[in-house]
Amino acid sequence: MSDTVTRLEAIRASVARAARDFGRKPESVTLVAVSKTKPAGQILETLEAGQRVFGENYVQEAKTKWPALKERFPEAELHMVGPLQSNKAREAVALFDVIQSLDRESLAKELAREIARAGKAPRLFVQVNTGEEPQKGGVLPGDADAFLTRCRAVHGLAIEGLMCIPPAEEPPSPHFGLLAKIAARNGLEGLSMGMSADYEAAIQLGATHVRVGSAIFGERG
Ligand SMILES: *Cc1c(COP(=O)(O)O)cnc(C)c1O
């Protein structure tokens, strides 16, 4: 077994164990393998080992790797987890099955337009900037309810859940708890939270999707 597949199997087992430890069904947590900056050959190893859900951060990079991989594994599911420029909405709708970084009105409008044009809708998560960090994407927690309402009522978008990336230097659990609270009061099931360092805490607080990159594919250069 390659190192990558060994790490993948360990993370899968650990995600399932965390779910059971916290009284949840293992299948209620989806492992999103974040393969940004990693070569197609390494991704292929994990596809061959049965991994089916992946995350990428850059439209341009995903375009160079994924069409060929999807041809071989049509059931692979690709999530956009990085910041998305409005002028990339068309390519993103064409390429991704799920967009987790919807975070502003202009992008909601572009996505709605491109979904209508393409006749194909990626599933959508709204990113919330739980740490209110100026350099980070995401709607502010205080603006989330109104933004979700506008996504639905003004742009006709179906929203599946919320996503957050807590500040690197803070304990993540309060951020996960806040995201879960915003989701619950808006009737949303999906909670994309938790990365390599903190996916277990996220599972404890209700994550339905954990986004794990370096713990599977190795450190990024
Ligand atoms: C890179 C990235 C991840 C994966 O991070 P790791 O710490 O390598 O697990 C998860 N989510 C987002 C949004 C990312 O950009």
Side-chain angles (χ1 to χ4, degrees), residues 3-15 18 29-40 42-43 45-46 51-63 65-66 77-85 88 92 95-104 107 122-139 141 144 159-173 175-176 178-180 183 190-221:
D3 289 351
T4 303
V5 172
T6 303
R7 287 189 299 255
L8 170 67
E9 298 294 354
I11 294 291
R12 273 190 187 151
S14 157
V15 165
V29 185
T30 298
L31 173 61
V32 182
V34 179
S35 49
K36 62 174 175 226
T37 79
K38 299 299 179 180
Q42 197 183 0
I43 298 169
E45 290 175 29
T46 65
Q51 178 64 26
R52 288 294 177 270
V53 185
F54 294 85
E56 290 281 350
N57 282 57
Y58 312 101
V59 171
Q60 218 47 42
E61 181 189 344
K63 254 174 76 178
K65 296 190 296 194
W66 278 96
E77 182 179 293
L78 193 57
H79 293 229
M80 174 60 172
V81 300
L84 181 58
Q85 292 169 263
K88 296 270 167 64
L95 193 58
F96 291 96
D97 302 290
V98 182
I99 294 173
Q100 296 201 6
S101 46
L102 170 55
D103 66 352
R104 59 193 190 281
L107 182 57
R123 291 152 49 204
L124 299 172
F125 283 62
V126 165
Q127 183 176 351
V128 181
N129 187 354
T130 57
E132 310 200 13
E133 296 173 280
Q135 81 284 8
K136 209 166 258 176
V139 297
I159 306 297
E160 175 171 327
L162 303 179
M163 183 269 258
C164 76
I165 310 169
E169 65 287 353
E170 286 181 31
S173 286
H175 296 274
F176 297 154
L178 174 59
L179 197 73
L191 276 176
S192 174
M193 55 191 200
M195 314 199 295
S196 290
D198 53 23
Y199 63 87
E200 286 157 311
I203 290 168
Q204 180 172 18
L205 290 163
T208 59
H209 294 73
V210 292
R211 308 180 309 269
V212 179
S214 49
I216 295 170
F217 293 104
E219 291 302 324
R220 290 175 294 272

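Computed from heavy atoms alone, side chains included, the values below leave out hydrogens, waters and symmetry copies. Whatever order the structure lists them in is the order used to number ligands and atoms, beginning at 1. Along the sequence shown, residues carry numbers from 1.
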> Roughly how far, to the nearest 0.5 Å, is CD1 of I99 from CG of D103?
Replying inline: 11.5 Å

> So does K63 have more than 12 non-hydrogen atoms from other groups sitting under 6.0 Å from NZ?
Replying inline: no

>> Classify the ring geometry of F125 against H209: parallel below 30°, tilted from 30° to 60°, perpendicular beyond 60°.
In response: perpendicular

>> At less than 4.0 angstrom from any atom of ligand 1, which residues have a non-hydrogen atom? List them by chain and residue number.
In response: V34, K36, N57, V81, I165, M195, S196, R211, V212, G213, S214, R220

> Can you name the side chain to side chain contact (heavy atoms under 4.5 Å, CB included) partners of E170, sequence neighbours left out?
Replying inline: P167, H175

> So do the side chains of L205 and L191 get within less than 4.5 Å of each other, counting heavy atoms only?
Replying inline: no

> Hey, is the main chain of I165 close enough, under 3.5 Å, to the side chain of K136 for a donor-acceptor pair?
Replying inline: yes

